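Below: one structure, written as structure tokens.
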Amino acid sequence: MMQEAAIETQGLRVRFGDFVALDNLTMQIPSGSFLAVVGPNGAGKSTFMKTLLGLVTPESGQVRVLGKPPGSTPTQIGYVPQIKTFDRSFPALAVELVLSGVRRAWPGPLRAPERKLALEALERVGAERLAERALGRLSGGELQRVYLARALVRRPELILLDEPATGIDALGEKDMYHMLEAYRKESGATIAMITHDFDVARYHASYVIVMNRTLYGCGHPSAALCEDCLSRAYGHGKHDHKRTL
Ligand SMILES: Nc1ncnc2c1ncn2[C@@H]1O[C@H](COP(=O)(O)OP(=O)(O)OP(=O)(O)O)[C@@H](O)[C@H]1O
């Protein structure tokens, strides 16, 4: 039987006013993949993820996520946003942030079964001790773990992570990839992750897309991360992926 695609796009195009952020993206990402999305700053990686979530509407083209139009299966998708812009003065506890992933709205009083779910998710990412901590008192890496717990709490079929290594130390980063990989193996879920780290894409991902508004590489890491694909996506053979525009 042919493996079903978890993410499928055909001629996807997204425009913000005069600016074309995504153009002619066509891909099929098999279910159960660990996908790494790489490309320079401003390449449209976050826009691509937001399109998969149904938060950005394409100008043209087709998109199917878990076989459905974007936004129609929110409970089957876990999302870890970029945390660097998160306002930590927001008065809430870690356990409440995790629970917002169950209810899709900010929780009121916590019911015991929901609280148990949230604590299990925190435990899964090694952060159970943070449950009662105010968000404002978490370090960047701790907040990232709490977001991961939130993404996992409904045991989703697809997890989308936007630069999840930001703010995590090297050991925490390694732990996170192992934890994601364990979850993928045990559940058969698909994981899609934006990263600026080619080694992470090469050694942790089973599938890679290299993009800069359009696709420059797509497939097995060794094929997608080829010298030519990277130099075309990053421009003039410069592979310094941390540069800012
Ligand atoms: N809502 C919006 N309105 C107008 N322009 C936008 C909007 N969202 C994104 N853009 C523009 O689209 C381009 C792609 O942005 P996006 O955040 O998707 O890039 P990225 O690849 O995730 O970048 P980075 O690696 O820096 O996080 C940028 O030039 C950005 O300014």
Side-chain angles (χ1 to χ4, degrees), residues 7-27 29 33-63 65 70-71 74 77-88 140-141 143-144 147-148 151 158-168 173 176-177 180 190-202 204-205 207-219 221 224-226 229-245:
I7 298 167
E8 204 169 355
T9 68
Q10 178 76 44
L12 169 62
R13 183 178 168 95
V14 168
R15 180 192 283 277
F16 298 117
D18 289 341
F19 179 70
V20 176
L22 299 178
D23 197 15
N24 197 24
L25 284 193
T26 296
M27 70 184 82
I29 311 301
S33 300
F34 196 141
L35 169 71
V37 179
V38 306
N41 289 132
K45 303 178 298 296
S46 298
T47 301
F48 172 57
M49 277 204 175
K50 287 177 187 163
T51 308
L52 299 180
L53 287 160
L55 300 174
V56 167
T57 307
E59 182 186 48
S60 57
Q62 306 292 322
V63 186
V65 181
I77 301 177
Y79 175 48
V80 181
Q82 274 192 29
I83 62 155
K84 51 195 175 208
T85 52
F86 183 80
D87 175 9
R88 282 196 231 163
L143 183 61
Q144 188 64 278
Y147 260 111
L148 263 177
L158 173 64
I159 305 180
L160 302 175
L161 305 111
D162 195 340
E163 292 184 42
T166 310
I168 298 194
E173 189 179 345
M176 180 182 67
Y177 297 133
L180 287 169
T190 306
I191 294 171
M193 175 178 76
I194 296 175
T195 179
H196 284 288
D197 188 331
F198 293 158
D199 284 342
V200 166
R202 207 177 296 279
H204 289 283
Y207 211 92
V208 175
I209 62 174
V210 178
M211 61 179 288
N212 191 355
R213 292 163 70 177
T214 193
L215 272 190
Y216 288 95
C218 184
L225 291 165
C226 74
C229 304
L230 292 176
S231 66
R232 287 190 301 134
Y234 286 80
H236 309 298
K238 285 183 197 148
H239 293 172
D240 180 6
H241 50 283
K242 302 230 187 234
R243 81 198 158 106
T244 46
L245 292 177

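On a predicted model such as this, the values are computed, not experimentally measured, just so you know. Counting convention: from 1, in listed order, for ligands and their atoms alike.
The shortest N/O to N/O separation between G42 and ligand 1 falls below 3.5 Å. When only interatomic distances are considered, the shortest N/O to N/O separation between G44 and ligand 1 falls below 3.5 Å.
Of all the atoms in ligand 1, the ones that sit under 4.0 Å from a non-hydrogen atom of A43 are 19 (O), 20 (P), 21 (O). Applying the 4.0 Å criterion to heavy atoms of P40 picks out, from ligand 1, the atoms 21 (O). If you number the atoms of ligand 1 from 1 as listed, the ones under 4.0 Å from a heavy atom of H196 come out as 25 (O).
Remark: side-chain polar atoms of Y79 are not paired, donor with acceptor, to backbone N or O of A151 under 3.5 angstrom. In this structure a side-chain-to-backbone donor-acceptor pair under 3.5 Å is present from T195 to D197.
Looking at I29 and I209, their side chains come closer than 4.5 Å, going by heavy atoms from C-beta outward. In this structure, Y207 and M27 have side chains that are not in contact, with every pair of non-hydrogen atoms separated by 4.5 Å or more.
Here salt bridge (charged side-chain N to carboxylate O under 4.0 Å, His left out) pairs that include residues 46-59, with residues two or more places apart or in two chains, are R13-E59, R15-E59.
Residue Q82 places a heavy atom under 4.0 Å from ligand 1. In this structure, G39 falls outside the shell of residues with a heavy atom less than 4.0 angstrom from ligand 1. Ligand 1 has no atom lying under 4.0 Å from any heavy atom of K50. At least one heavy atom of E163 sits under 4.0 Å from some atom of ligand 1.
With a 4.0 Å heavy-atom cut-off, ligand 1 is reached by no atom of F48.
The heavy atom nearest to atom 24 (P) of ligand 1, considering only T47, N41, V14, is found in N41.
The one candidate from K45, Q144, H196 that meets the side chain to side chain donor-acceptor pair (under 3.5 Å) condition with E163 is H196.
A search for ring pair (Phe, Tyr, Trp, His ring centres under 6.0 Å) contacts involving Y216 returns nothing, not counting sequence neighbours.
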Exercise. N24 and T214: side chain to side chain donor-acceptor pair (under 3.5 Å), yes or no, with the steps?
Worked result: CA-CA 6 Å; N24 197 24; T214 193; 5.1 Å; no
